[in-house]
Amino acid sequence: MRFTKAQALILIAFSIPVAIELRTVAGFFNYDLPLIGVVVIEFLFLALLFVLYGLYGEKSTPAAQ
Amino acid sequence: MATAAGNEPLFVERFPDEAAVAKANLLVAFVALGIGAFFGLVQALHRTDILRIIDSADYYTLLTGHGVLLAIVFTIFGLAAFFHWATARSLDQPAVSTLFSWAWFGLMTTGSLLASVAILGGLVPNLGISADVLFTFYAPLQAHPIFYIGLAMFIVGTWLSGADWFLSYRAWREDNPDERIPLQAFMVLTTMIMWYIATVGVAVSVVFFLIPWSLGLIESVNPLLTRTLFWFFGHPIVYFWLMPAYMMWYTVLPKLAGGRLFSDPLARVVFLLFLLLSTPVGIHHQYLDPGIAEGFKFIAMTNTMFLLLPSLLTAFTAVASIEHGARQRGGEGYLRWLGALPWRDPAFAGMAFAGLIFAAGGFSGMINAGMNINYLIHNSLWVPGHFHMTVGTAVALTFMAAAYWLVPQLTGTKLYSRPIGLLQVVLWFVGMVFMSNAMHRAGLAGIPRRTAEPQYQNFDFVTPIGSIFELRVQIAFGGLLLFLSVVLFLFNMLLTAFGEKSERPVDEFLPAPLSGPEGSPRVLDNLGLWTGIAVVLVILAYTLPIAGIIQNGGGLFGGGLPVPVTVFPDVELVKTVLAGALAALAGVLL
Ligand code: HEM
Ligand SMILES: [Cu+2]
């Protein structure tokens with residue numbers, strides 16, 4: 001399946017609530033996740049998304065799909 | 001619903017007058033949205049102490065403007081536009097009299113203008129006109145008479161708009177004596193019946209008590225009585241906001257997703273349940289009001305929990321119809337079909353986001369509705385957190401998303417920019433996640449709502465995770481994104497309206513549901529019967545509490561000495577429990 005710009009945008013949007021409440025989830029496991037940890041994880045997610053978009057995105061060559 | 005795909009002439013060509021009325025309504029709605037959103041931004045920045053451009057004393061003026069312009073003007077003019085469109089298209093005939101349509105529009109607009117002047121007058125010193133009463137206008141807060149008069153005119157305007165759609169229906173019925181009411185028209189009519197019942201409360205409150213009181217004709221009012229009458233209308237108004245959004249979710253969203261509505265009869269049942277149960281629950285906004293016996297509050301809570309049913313049915317139908325659409329588009333797997341949805345389309349994406357946020361708002365609403373757990377969050381910032389997810393997103397974002405699909409039908413021009421539209425709905429979603437989530441959390445930490453300066457001396461609010469400072473930043477940042485989103489939206493609409501005419505600006509066709517109305521019981525369409533039952537339920541739920549409020553609360557016009565009510569006499573108890581049981585039973589059976 002092709003990975004469209006719109007889909008990437010939607011995935012970024014959906015990642016925001018997860019990121020905001022990540023510390024609560026960590027708290028359930030008695031882990032004190034610092035704010036900077038959340039920032040790093042969200043950043044890594046965005047980086048991953050960019051890589052995937054580069055590989056399978058709308059403008060990628062058919063060979064890469 | 002129309003049958004042939006494709007080549008039908010545009011809505012604006014078939015019904016130019018109806019399109020013009022709908023456009024005028026949308027224009028007022030969007031102007032209110034722009035001003036209201038600006039006030040929202042100012043408030044969000046002010047109360048978080050990030051940026052203060054107004055005096056804290058003016059906060060209530062803006063907050064009243066924000067509440068009235070968004071929750072009343074924007075939503076209801078939006079609804080009027082959608083309903084006017086839906087009635088004409090689903091009955092496939094124009095309104096009975098265009099002059100009459102313009103008359104109700106004019107009355108609603110004049111009323112809104114008067115109320116707005118009263119509110120904004122508060123910003124002009126020495127003018128002597130103000131209405132800093134917030135959109136709930138609880139006495140003893142008092143507004144200038146033109147605020148209440150404007151409000152009354154507005155409400156009468158909405159009554160006439162309903163009459164317009166009922167007249168269309170009657171004309172259609174004469175030509176089609178045996179047909180089932182088309183689904184969209186059915187939704188319009190049931191919503192309006194609910195509104196007629198609900199607005200009795202606010203009409204009595206405004207006409208008999210608040211207007212005479214603000215004119216100085218009567219000395220005092222019974223504040224608990226006017227408050228209760230307000231909430232008699234104040235809960236059903238939330239369904240007045242939601243039902244047009246539901247209409248879009250039921251009849252338009254499945255098409256946008258590439259499929260069709262799952263079940264027409266289920267949609268009818270849902271709207272009937274709203275008609276029956278919307279009003280007899282208003283007391284759930286008054287769990288903390290002294291002077292209403294606990295038993296009545298308990299009954300309101302029980303009825304409220306029954307109201308969850310139609311909302312859950314809607315969630316089911318919407319998701320089922322969307323999944324059906326995705327599979328029609330070649331989607332597969334348990335979750336992978338989500339990727340096959342038309343995310344590029346701002347109308348679809350916006351409604352999907354709105355539905356998702358509504359699910360979250362529904363959960364926080366269950367907390368509000370629980371009589372005991374409500375004490376935890378009552379009047380805290382949690383509450384605005386909740387309703388910015390429901391009316392502020394489920395409704396507002398659905399209206400904006402629907403506009404991307406509907407406005408081109410009314411103007412005959414293509415949407416100016418789909419990518420900007422998509423960016424706009426995404427910004428709204430992200431902004432609302434920031435603002436609303438942080439509001440909920442701030443409320444849990446005890447931060448009150450409706451205050452310009454929620455900080456207290458020698459007192460610190462504590463959060464279990466993160467800090468109050470982070471919450472403040474999240475609220476302000478979210479508010480900023482939301483405001484930008486509104487700017488993008490209005491800009492897109494403006495350029496669309498002035499765009500070039502197009503042969504086929506948008507695909508207007510709405511496919512028939514998978515399961516049509518044919519097999520469903522005809523009694524569903526018996527509007528008289530359902531109205532009767534709804535009225536009985538309201539009488540059961542409200543007679544005794546209102547009698548108690550008048551008796552114990554110092555009489556019809558207050559003034560007397562209130563008698564504190566904690567426990568009520570036994571006979572009363574038996575009566576109310578019986579009434580509640582009946583109401584609940586009716587809720588189950590019907
Ligand atoms: C630009 C987007 C928006 C922002 C930044 C925003 C922000 C706010 C803030 C900060 C408050 C005040 C909280 C307080 O002090 O108690 C508030 C209250 C409120 N908002 Fe919004 N809001 C927005 C959009 C909306 C929308 C779209 C609606 C409804 C359709 C809405 C309806 C309300 C209502 C009814 C109140 C309560 C007023 C009162 O307490 O009397 N808001 N909003
Ligand atoms: Cu309510």
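Bear in mind that the values here come from a model prediction, so they are computed numbers and not experimental data.
Nearest heavy-atom pair, A:I10 versus B:A349, reported as atom, atom and distance to 0.1 Å: CD1-CB, 4.4 Å.
Scanning residues 17-36 of chain A against chain B with a 4.5 Å non-hydrogen threshold yields A:P17, A:I20, A:E21, A:R23, A:T24, A:L35, sorted by number. Heavy-atom proximity under 4.5 angstrom to chain A picks out B:L356 from residues 356-370 of chain B.
With sequence neighbours excluded, no residue forms a side-chain hydrogen bond (donor to acceptor under 3.5 Å, both in side chains) with B:Q474. With sequence neighbours excluded, no residue satisfies ring pair (Phe, Tyr, Trp, His ring centres under 6.0 Å) with B:F491.
Considering only heavy-atom pairs separated by less than 4.5 Å from chain A, the leading option among B:I465, B:L341, B:L423 is B:I465. Across B:N437, B:L427, B:L338, B:L422, the residue that shares the most heavy-atom pairs under 4.5 angstrom with chain A is B:N437.
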Could you walk me through whether A:I16 and B:F429 satisfy the side chain to side chain contact (heavy atoms under 4.5 Å, CB included) test, starting with their C-alpha distance in whole Å, then the side-chain angles of each, then the deciding distance to 0.1 Å, before giving a yes or no?
CA-CA 9 Å; A:I16 305 289; B:F429 174 81; 5.6 Å; no
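Side-chain atoms of A:Q7 never come within 3.5 Å of backbone atoms of B:W343 as a donor-acceptor pair (strictly under, hydrogens ignored).
With a 4.5 angstrom heavy-atom cutoff, B:F434 touches chain A via backbone and side-chain atoms both.
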